[in-house]
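Right, one structure below, let's go through it.
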Amino acid sequence: MAGPDFEEAVRAVVRSLRPGDVATYGEVAAEAGFPGAARAVGNLLRRSTGLPWWRVVSAGGRLAPGAEAEHAARLQAEGVPFTGTGKVAPAALRRAR
DNA sequence: TATCTGACGATAG
DNA sequence: CCTATCGCCAGAT
């Protein structure tokens, strides 16, 4: 099942995210048809280019380790609310999808 | 085929 | 809110 399909599906889902809309890695994986592959999604987004990767966050609204500053900046630029502790507000995660 | 890696997720302390 | 652990998956070596 995995292979080109996985990459294609994940890219399609991430590309469908609109400004201000935030989804979790797990959500993207499930939406792409690979439930439980959240880790693989993160790995793919990390090396992939040309995708709104900043609209995808870890469960609980945590940002990508090693790029938190850029991640937060891009999200805030789209009007995404934060909880003050450097995490995306729970309300914003509900809108994802 | 076996083993390791990682922008994950959930739970426990 | 923090770190520590374990489980899960796709890709690379």
Side-chain angles (χ1 to χ4, degrees):
Chain A
M1 283 267 273
D5 296 344
F6 179 71
E7 189 176 334
E8 282 268 333
V10 172
R11 278 188 170 180
V13 173
V14 176
R15 222 171 342 198
S16 71
L17 296 174
R18 303 196 192 304
D21 198 12
V22 183
T24 66
Y25 293 98
E27 271 262 322
V28 174
E31 187 78 25
F34 294 79
R39 209 165 182 170
V41 171
N43 212 311
L44 175 61
L45 280 185
R46 174 171 66 81
R47 44 167 315 193
S48 186
T49 59
L51 288 174
W53 59 267
W54 57 89
R55 291 175 195 157
V56 184
V57 301
S58 309
R62 282 189 302 283
L63 303 179
E68 300 182 13
E70 184 182 350
H71 205 162
R74 286 181 180 276
L75 286 176
Q76 287 183 43
E78 295 186 344
V80 176
F82 276 71
T83 115
T85 55
K87 297 195 299 186
V88 175
L93 295 178
R94 294 225 168 217
R95 328 177 84 217
R97 224 177 81 110

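Only heavy atoms go into these numbers, but all of them, side chains included; no hydrogens, no water, no symmetry mates. Just so we're on the same page: letters track the sequence lines, and every chain starts at 1.
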**Message:** Are there runs of at least three consecutive Watson-Crick or G-U pairs touching DNA chain B, with each pair's two distances under 3.5 angstrom? Give them by first number.
**Reply:** B:2-6 with C:9-13, B:8-13 with C:2-7
**Item:** Rounded distance in Å - CZ (A:F6) to C1' (C:dC9)
**Value:** 8 Å
**Request:** Look at atom CD of A:E8 and say whether more than 12 heavy atoms of other residues, nucleotides or ligands are closer to it than 6.0 Å.
**Result:** no
**Request:** Quickly work out the A:F34 CZ to C:dC9 P distance and round it to whole Å.
**Result:** 12 Å
**Fill in**
Those residues at least two apart in sequence (or on a different chain) that pass ring pair (Phe, Tyr, Trp, His ring centres under 6.0 Å) with A:W54 are none
**Fill in**
The answer to which of A:K87 and A:E7 contacts DNA chain C further toward the 5' end, by nearest nucleotide, is A:K87
**Message:** Between A:A37 and A:T85, which residue's closest nucleotide on DNA chain C lies nearer the 5′ terminus?
**Reply:** A:T85
**Closest approach of A:A37 to A:A29 (non-hydrogen atoms, all atoms of both residues)** = C-CB, 3.8 Å
**Interface with DNA chain C, restricted to residues 67-83 of chain A and to heavy atoms under 4.0 Å** = none
**Prompt:** Tell me the salt bridge (Lys or Arg N to Asp or Glu O under 4.0 Å) pairs involving residues 46-57 of chain A, sequence neighbours left out?
**Reply:** A:R55-A:E78
**Item:** Nearest non-hydrogen partners of A:R62 and A:V57, listed with the distance
**Value:** O-CB, 3.4 Å
**Per A:R46 side chain, nearest of listed nucleotides C:dG11, B:dG6, C:dC1** = B:dG6
**Asked** Run the side-chain contact (heavy atoms from CB on, under 4.5 Å) check on A:V14 and A:V41 step by step: do they pass?
**Response** CA-CA 10 Å; A:V14 176; A:V41 171; 5.6 Å; no
**Message:** Applying salt bridge (charged side-chain N to carboxylate O under 4.0 Å, His left out), can you list everything that pairs with A:E70, at least two apart in sequence or on another chain?
**Reply:** A:R74
**Asked** Rounding to a whole Å, what distance do you find between A:L44:CG and C:dA10:C1'?
**Response** 9 Å
**Fill in**
Looking only at heavy atoms, the pair that brings A:F34 and A:A9 closest together is CE1-CB, 4.3 Å
**Item:** Closest approach of A:T83 to A:P90 (non-hydrogen atoms, all atoms of both residues)
**Value:** CG2-CD, 4.5 Å
**Complete:** The side chain to side chain contact (heavy atoms under 4.5 Å, CB included) partner of A:V56 among A:L17, A:V10, A:T24 is A:L17
**Fill in**
A correct 5'-to-3' footprint of nucleotides 8-13 of chain B, with B, S and - meaning base, sugar-phosphate only and no protein heavy atom under 4.0 Å, is BSS---
**Prompt:** Can you name the nearest heavy-atom pair linking A:A92 to A:V80, along with the distance?
**Reply:** CB-CG1, 4.1 Å
